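Here's the structure, in structure tokens; my notes come after.
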2 protein chains.
Amino acid sequence: MTPSLEQLPDEQAQAARFQQARDARNAATAQDYVELISDLIATTGEARSVDVAKRLGVSHATVVKTVNRLQKEGLINTKPYRGLFLTDVGENLATESRHRHQVVTNLLIALGVDEETAQADAEGIEHHISAQTLATFESYLQGHRS
Amino acid sequence: MTPSLEQLPDEQAQAARFQQARDARNAATAQDYVELISDLIATTGEARSVDVAKRLGVSHATVVKTVNRLQKEGLINTKPYRGLFLTDVGENLATESRHRHQVVTNLLIALGVDEETAQADAEGIEHHISAQTLATFESYLQGHRS
DNA sequence: TGTAAATTGTAGCCAAGGCTGTAAAATAAA
DNA sequence: TTTATTTTACAGCCTTGGCTACAATTTACA
């Protein structure tokens, strides 16, 4: 059993943590999109928005709208009725996100979580891993090579 | 370096993972509120919405609106100009959330993440931990008692 | 080539979770 | 007991990320 708290954390510190979590939540969409687009291009040669929609499990209209926003933000390039492409900035973000995703998945598996559950949980967890925690995960994996 | 993917996961499986992450994101707010309200009551005897706002780092108007929704959903009870209270359902959710939060924090610390970073990252991660992963974390901690 | 199917785009709707500003009620202080 | 402060409530606005429905364009095939 976990006991109830006997002392609250500092007010400002707690607010900063919640803020960090909200920021991560807001950044998650962009990361999911560029990571998926990058993977699609790498494996199939192109990223069609219809495939992005199917793989995210959302409607294609949602994808179009979000892609428009990410294009304004400088992560994605599109040509009408052609596939989706990443800018350099987008590609860098994708690489970083994929790496973080992979490290989280591997850590969960190394701790004993089964692969399918690890894949699923990693999809949410990856967006909340700070640089320090990522480094910690990496060195743990380093020390537990199979 | 993490290599790029050489094979994409199954389409439906991937969509299901993204859906799980979205569901977790949507449930996060309710969990944060009940957990915080429960902690405030346990340590200070009451949960004023002004304190909830300060600790979440949002405006009090946001708290009022969210609390109204959570009341409709049966997690919180309020009496005008009195503090916030949890229903039995809310209290159960709070207990479960606090436990999950604590386990995640402890795991990060056990792996070598410093306490402040662990606290911050746990705030986001906790919402994406499945029952199986939670159990795995618990047994890891069990085997690494200091 | 011309038509059907697939793909992409557009319009408009909704809920959640932020915000500011203002009003009302309760509590504290003079 | 007034008055000032704090707390709570309410109104209205914005953005994000969902959706359906419909239009336009491209691609495939008969």
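From a predicted model like this one, the values you see are computed outputs, not experimental measurements. To find a chain, count down the sequence lines: A is the first, B the second, and so on, and within it residues start at 1.
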How many whole angstroms separate atom [atom1] of [X] from atom [atom2] of [N]?
X	N	atom1	atom2	value
D23(B)	dA15(C)	CG	C1'	15 Å
E73(B)	dG17(C)	CD	C1'	13 Å
K79(B)	dT7(D)	NZ	C1'	17 Å
H60(A)	dG18(D)	NE2	C1'	13 Å
K65(A)	dT10(C)	NZ	P	13 Å
R22(A)	dG17(C)	CZ	C1'	9 Å
L40(A)	dT7(C)	CG	P	13 Å
N77(B)	dT8(D)	CG	C1'	17 Å

Is there a side-chain polar atom (N or O) of [X] under 4.0 Å from OP1 or OP2 of [N]?
X	N	answer
R48(A)	dT8(C)	yes
R25(B)	dG18(D)	yes
T62(B)	dG17(C)	no
T29(A)	dG17(D)	yes
S59(B)	dC19(C)	yes

Between L134(A) and R100(A), the two heavy atoms sitting closest are CD1-CG, 3.9 Å
Between dT7(C), dA25(C), dT27(D), which nucleotide has the shortest distance from any of its atoms to the side chain of Y81(A)? dT7(C)
What is the nucleic acid contact for V64(A), judged by heavy atoms within less than 4.0 Å: base, sugar-phosphate only, or nothing? base
Salt-bridge present (R48(B), E46(B); N to O < 4.0 Å): yes
Straight-line distance of I125(A) CD1 to T133(B) OG1, nearest 0.5 Å: 6.0 Å
Step by step, work out the side-chain hydrogen bond (donor to acceptor under 3.5 Å, both in side chains) result for T29(B) and D32(B). CA-CA 5 Å; T29(B) 303; D32(B) 286 342; 5.8 Å; no
Closest-nucleotide ordering on DNA chain C, the 5'-leading residue of N26(B) and G83(A): G83(A)
Judged by each residue's nearest nucleotide on DNA chain C, which is more toward the 5′ side, A61(B) or T66(B)? T66(B)
Pick the nucleotide of DNA chain D nearest each of V58(A) and R82(A); which residue has the one closer to the 5' end? V58(A)
For D10(B), is the CG atom crowded, meaning more than 12 foreign heavy atoms sit under 6.0 Å from it? yes
